[in-house]
There are 2 protein chains.
Amino acid sequence: MPPSPSGGLTIGDLADRTGLAVSAIRFYETHGILHPLRNAGGHRRYGRADIRRLSFVMIAQSMGFGLSDIAGYMVDLPAHRAPSKADWTRISDDFRKKIDARIAHLQNLRDRLDGCIGCGCLSLETCALHNPADEAAKGGAGPRALRTG
Amino acid sequence: MPPSPSGGLTIGDLADRTGLAVSAIRFYETHGILHPLRNAGGHRRYGRADIRRLSFVMIAQSMGFGLSDIAGYMVDLPAHRAPSKADWTRISDDFRKKIDARIAHLQNLRDRLDGCIGCGCLSLETCALHNPADEAAKGGAGPRALRTG
DNA sequence: CTAATTTCTCAAGTTCACTTTAGATCAAGA
DNA sequence: TCTTGATCTAAAGTGAACTTGAGAAATTAG
């Protein structure tokens, strides 16, 4: 199986390479994450760099970024080429900050959880386990899920 | 401002104490997380333990649990009393495992991110940064957000 | 060439965690 | 008492991230 006759990868190829559903790949396109070319028949044709872009998406998602954030990073990446080292360094610096913050939040939570059990107070409100001054509690409709921290 | 004339807290009191919206508190009730009593006029009356229950919900959410998971834990807690030390220990043991797993996932991610930048390969696919064998990629419709890890 | 597979578009459905709206009722302060 | 303000219910809307379905056109295997 050569990488598809002429031109690049089909959407199915890309799905196979990335493990994503075809529908998801199309969906990402509507959100400005991919910009495939079209062949004579109107079918999407992807380049090798698009595998990387989708890997990037998946990693960023598992780090807690939403698609719109990710699309924002994507704008800074070259559309059809592999990212330069500078591109990548800039983005990954940002990533590292977010990851570190997230880890710190969880460790904090775990440590305070230990303290609570140790002292047996069980009073979550006074136990400082729950810090209302967190960056939560701001946002409109929609899921709040883990934007926090 | 006494804790409300007779009986317990109103839904507004509870909202003030927890920082949650009134609508959210009602919503949680429909999901079996709270079971308030009603006064003569049909208004909800909450007890002091419900503040704790909601704190619990907020903490668990910030750890990545969904409401249905949380409701599951809630079933094991006494409905209108404060949880016993045994109750809490059992639950928090579970929590700790999840938190640790989450932290490990993120640290792993961060370390591999470093490696990728160090070697300059940028090839996320071959860089092992992205491990497709993760527990992701399974699920029907709905948000995938951070269930991973 | 034909049949089977893939892809196309567009609209609508799904889950989660809520919020918003509307109209009615209850409670509390002046 | 009257008039705000809080609460009530029920239904519909929101945003994120996709999936599913329908019908049509393109591609590929045999």
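The figures here come from the full heavy-atom set of this structure, side chains too, leaving out hydrogens, waters and symmetry mates. Proteins get letters first, then strands, A, B, ... in listed order; numbering begins at 1 in each. Please read these numbers as outputs of a predicted model, since none were measured by experiment.
- A straight line from CD of A:Glu29 to P of D:dA17 spans 17 Å, rounded to a whole angstrom.
- Looking only at distances, no side-chain donor or acceptor of A:Asp50 sits under 3.5 Å from a matching main-chain atom of A:Arg53.
- Contact annotation: A:Tyr28 side-chain N/O to D:dA17 OP1/OP2 distance is not under 4.0 Å.
- Of the possible donor and acceptor atoms, none in the side chain of A:Asp100 sits under 3.5 Å from a partner among the backbone N and O of A:Lys97.
- Of the residues A:Leu37, A:Asp13, A:Leu14, the one that meets the side-chain contact (heavy atoms from CB on, under 4.5 Å) test with A:Tyr46 is A:Leu14.
- OP1 or OP2 of D:dT27 has not a single side-chain nitrogen or oxygen of A:Arg45 nearer than 4.0 Å.
- Note: CD1 (B:Ile33) to C1' (C:dC16) measures 12 Å, nearest angstrom.
- At the heavy-atom level, B:Ala21 lies under 4.0 Å from the strands shown only through sugar-phosphate atoms.
- Across the interface with DNA chain C, nearest-nucleotide mapping of B:Leu67 and B:Gly41 shows B:Leu67 to be the residue nearer the 5′ end.
- Within the structure, every side-chain polar atom (N or O) of B:Arg38 is placed at least 4.0 Å from both OP1 and OP2 of C:dC26.
- With A:Asn108 contributing its side chain and A:His105 its backbone, the two residues share no donor-acceptor pair below 3.5 Å.
- Protein atom CG of A:Asp69 is 13 Å distant from nucleotide atom C1' of D:dA17, rounded to whole Å.
- Pairing each heavy atom of A:Gln61 with each of A:Ile70, the nearest pair is CG-CD1, 3.7 Å.
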Below 3.5 Å between N/O atoms, which protein atoms pair up with nucleotides 5-7 of chain C? Just atom names and distances, please.
from: C:dT7; atom 1: OP1; to: A:Thr10; atom 2: OG1; distance (Å): 3.1
from: C:dT7; atom 1: OP1; to: A:Gly12; atom 2: N; distance (Å): 2.9

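- Here the P atom of nucleotide C:dT9 and the CD1 atom of A:Ile25 are 14 Å apart, to the nearest Å.
- Each of D:dC8, C:dA17, D:dT20 was ranked by its minimum atom distance to the side chain of A:Ser23; first place goes to D:dT20.
- What separates CZ of A:Phe27 from C1' of C:dA12 is a distance of 14 Å, to the nearest Å.
- Nearest heavy-atom pair, A:Gly12 versus A:Val22, reported as atom, atom and distance to 0.1 Å: CA-CG2, 4.4 Å.
- Remark: C1' of D:dT19 and CG of A:Leu20 are 13 Å apart, rounded to the nearest angstrom.
- Between A:Asn39 and A:His31, the residue anchored nearer the 5' end of DNA chain D, judged by the nucleotide with its closest heavy atom, is A:His31.
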### Task
Would you sort out whether B:Leu34 and B:Leu54 count as a side chain to side chain contact (heavy atoms under 4.5 Å, CB included), showing the intermediate values?
CA-CA 8 Å; B:Leu34 297 176; B:Leu54 289 181; 3.8 Å; yes
